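Okay, structure first, notes after.
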Amino acid sequence: MHKLTPILNPLTLPNGAVLKNRLLMAPMTTCTGFYDGTVTSELVEYYRDRAGSIGTVIVECCFIDPKGPAFPGAIAIDSDNKISGLSKIANAIKSKGSKAILQIYHGGRMVEPELIGGRTPVAPSAIAAPREGATTPQALTAEEVEVMITKFGDAVNRAIKAGFDGVEIHGANTYLIQQFYSPNSNQRDDKWGGSRDNRARFPLEVLDITHKMAERFADSSFIIGYRFSPEELEVPGIRFDDTMYLLEKLAARGLDYVHFSVGQLLRPSIVDREDPTPLITKFIAMRSPELAKVPVIGVGGVVNKADAESALEHGFDLVAIGKACIAYPDWADRITNNEQLELFIDSNKREALNIPEPLWRFSLVDAMIRDMSATGRKYKAGVYQEKVEAEALKLKINVTLDTDRITDIMLIPDDSLDVDFTTTFESLRTRILVANSPHVDAITGATTQSEALKKAVSRALATSSKEHVIEEGGNPAAPQNYDVVVIGSGGAGLAAAIQAHDDGARVVIIEKMPTIGGNTIKASVGMNAAETRFQKLKGIEDSKELFYEETLKGGKFKNNPVLLKEFVELAPEAIEWLAAKDIELNDITITGGMSIDRTHRPADRSAVGGFLISGLVKNINKRDIEVLLETSVADILFENGAVTGVKVVDEYNDSRILNAKSVIVATGGFSANREMVVKYRPELDGFVTTNHKGATGSGIAMLQKIGADTVDMGEIQIHPTVEQTTSYLISEAIRGGGAILVSQAGKRFYNEMETRDKVSAEIIALPEKSAWVIFDEQVRLNNKAADEYIAKGFVVSAPSPQELAVKLNMDLHALLATLERYNVFVEKQDDEDFGRKTALRHPLNQGPFYAIRIAPGVHHTMGGVTINTDTAVLDAQKQVIHGAWAAGEVVGGIHGANRIGGNAVADIIIFGILAGRNAAALARR
Ligand code: ADP
């Protein structure tokens, strides 16, 4: 066994051949062959460079017959004169110590006539492929089918002669072999078609002849693999049980491996979209002991070591790596050294990476190329001195910049520096240098100092990029052009920016505060979504309909039904969108007003906000999306009926214009704007707010200026559980985890899991206008937030309820009676006093016991600007304001009169993504 990671363990195949580790380079089209399919020297070097530490290289598919090439630049094994070129590839790979396997195929009806000299392609039946402009192929005669099988045999013989260690029969990607097995493309009525057994005959005979050739011409270690596409969408078409049937038959005749052909390792069914089970899980559950002896290869989305390890954990025996092997020829070495890799290729590195020109232009690779020449020069190189000021801390740093990088950050020596800060400094310095960005996570326990240091580095960057513009003869105050301007760096803004960028737009994020994250960073409980993969994995049965109804009920039926429908519909996709960006919310809890666990949160049950922002910012950095901090948008520019950009003002009060066809307003709500809150709800004067200072509603005002309408402005939510000295919100997850609310008299007074408005009203109705959140050790253990509250000094704790009551100056007997009675309700799962139906998790009987004093605070503004389901901002006539988009708390209508806990995070991600997509599409049109 390999001590470090199972992916480096060798594997003995059924025929006795030993693969030195579990990693293979996936077969990928390079389009680099000569016109006749002969191998080019460029291609030989490409493979040589990628062999070595990786156990096996599966060379791209090679067509076995002149009518077989499915794309331009395909390589061939259709005649003996191809052997010598192919042998160069085999030798190159083997000389580096990897095994070399060659994939063999025939494109069948997927072949375009122009690739075969204008001739008509051949297929099992004369049925065109279901794609636009596809040629109707000629059906092979029974005799031609037999000949085709011998051609596969000849190809195997040539592969052996060329020195390959094995062949992979390409039974996937809707090519000829799959066409024979598919009831869609094969509608023959002879022995090659009709029944499933007849359709399986062709793949089986190809396997038989492969075995025969290997027995005759190769030694027993010659590897024979089979690649398959697990399903077809067409009706009729191959379903997963058909695939299992064929694989069983193939395995019975002897195979050394089977190889999934899918885009994602853990892809579920594409036919049954309701079923989130990864196909590999099904495969393992369904396979016979015979098939279980055949190793299975997984492929799709493997970039880092953890991805490959996860493949093995899910039951694959081997892992094929695609794009990452193109971007990193020495991929296996890098991941062995625990390098964390990103899937991109420096635009200047084609030659260095030995990527053939046709492959470089291929869409799959093209999408990975990052233009380093454009991003290459951003700063004027030099040393920039900045002040770092945070409370008592006052010092200076030198930030050294190269034209494209932060190369160093140094503290200017000062005797008064305390050791505490130097440790924080060192850790943060490393984070910033590694990320080449000041937008990194703060050091735990030193947030204020971290933020001050990050701000100082941001300033150095801003100054030097202005100097760079001047040096280049430009004017830093001159208007700049973008496709999409995003205002606000909360969850909605960041999600929108990432999506717009990924859709090809040039994006900038404008944030008026010195830090990224807006109010989102304070979000605690999680993200609601129904019918998600993670719910299914936990066996939670939920429905979108119920989610819709409960949100509508919680919102007092005031929600905009169309937006709410869209919200509920897109929520599971948004959960997946995050997961694909390494922001996995796979633990699930519940919030007030919901009847089912549907609040998704991080696996470690920590608060969602910090986790979400940290993950989104990593994605922003990875994409090199520009973020301007301490810069506020003063106006959205609007000319001739369309948005044309924004006017921004930076921290030095310099203003400039940013031109853009799309402006996404993601400026959050107005809870921190006392005047505005009181204007709509005079009785809230004097209430504290849980929100950050930036929640001033400026986005609403700016949009109103260009004609936007608003809705529900008076619907302002107060959150029931806010620590009053710091305005810190005590997450609903604590009650959702089993805590109760108790008055100063030591009594429960209401169903703690009711909606926020009702619980708040009951607390305000108490004589002391505040209450205690009380919980025990079991609740603490399940909620990381509780530890945070303890660390912040909010929590009174005692070993027993009696001692707790004393500390809270509460009637001891009353508290004991309350706990006892509540614990009985938990046992019976029936709250006779207040009808609490959810989160009756466990009796509160394990010390220590904890209490936090809370009262309501202004928390969320449900009202805001009006949008349509595309997130386009609407005017009073419900007409779209061209180029103006809005997402997140700035928008009104989704939550009606009361927002359910966990629905704000869902809102910002769902509509953020949508805004990013639509804004990019408009700007690039
Ligand atoms: P959401 O939850 O909708 O994403 P957040 O409150 O998390 O909203 O984030 C909104 C962000 O927008 C905050 O960081 C806030 O400082 C920023 N913001 C608000 N108004 C402006 C403005 N005029 N210019 C730039 N940024 C703004």
Side-chain angles (χ1 to χ4, degrees), residues 439 451 485-499 508-525 527 567 574 607-610 612-614 616-617 620 626-637 645-651 655-656 658 663-673 676 689-706 717 729 858-865 867 871 884-895 899 902-916:
H439 311 313
E451 294 307 342
V485 169
V486 177
I487 319 175
S489 70
L494 298 180
I498 291 168
Q499 186 61 48
V508 64
I509 303 171
I510 313 296
E511 171 56 58
K512 67 177 178 183
M513 302 301 282
T515 52
I516 298 188
N519 210 54
T520 304
I521 209 161
K522 296 179 134 203
S524 54
V525 61
M527 168 163 167
F567 168 84
V608 72
L612 184 67
I613 294 298
S614 157
L616 289 171
V617 168
I620 294 282
E626 200 177 345
V627 186
L628 303 178
L629 293 180
E630 291 185 278
T631 303
S632 57
V633 173
D635 271 311
I636 299 172
L637 308 175
V646 294
K647 179 180 158 198
V648 297
V649 181
D650 70 14
E651 51 171 322
S655 57
R656 75 196 147 114
L658 309 181
V663 172
I664 301 175
V665 181
T667 48
F670 59 93
S671 289
N673 184 335
M676 214 164 151
T689 178
T690 58
N691 280 214
H692 84 138
K693 281 199 202 112
T696 56
S698 68
I700 300 179
M702 286 188 292
L703 282 170
Q704 279 178 316
K705 261 201 197 165
I706 61 165
Q717 180 176 70
L729 183 137
V858 174
H859 184 53
H860 189 95
T861 47
M862 275 75 70
V865 296
I867 58 166
T871 72
W885 312 90
E889 199 175 335
V890 69
V891 171
I894 293 152
H895 308 291
R899 178 178 64 77
N903 273 1
V905 174
D907 176 8
I908 59 183
I909 302 301
I910 294 165
F911 290 103
I913 300 169
L914 213 55

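Start at 1 and go down the list; that is how both ligands and their atoms are numbered. Quantities reported herein were computed from a predicted structural model and do not represent experimental measurements.
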Compare all side-chain heavy atoms of V485 with those of V648 and state whether any distance is below 4.5 angstrom.
-> no
Heavy-atom side-chain contact between I700 and F670 under 4.5 Å = yes
When rounded to the nearest 0.5 angstrom, what distance separates CD1 in I620 from CD1 in I516?
-> 7.0 Å
Is any side-chain heavy atom of L612 less than 4.5 Å from a side-chain heavy atom of V905?
-> yes
Compile the protein residues with any heavy atom at a distance under 4.0 Å from an atom of ligand 1; present them by chain, then by number.
-> I487, G488, S489, G490, G491, A492, I510, E511, K512, M513, G517, G518, N519, T520, T631, S632, V633, A666, T667, G668, H692, G694, S698, M702, G888, E889, I908
Those residues that, when tested against K693, pass salt bridge (Lys or Arg N to Asp or Glu O under 4.0 Å) (two or more places apart) = none
Side chains of L629 and H439: closer than 4.5 Å at any heavy-atom pair?
-> yes
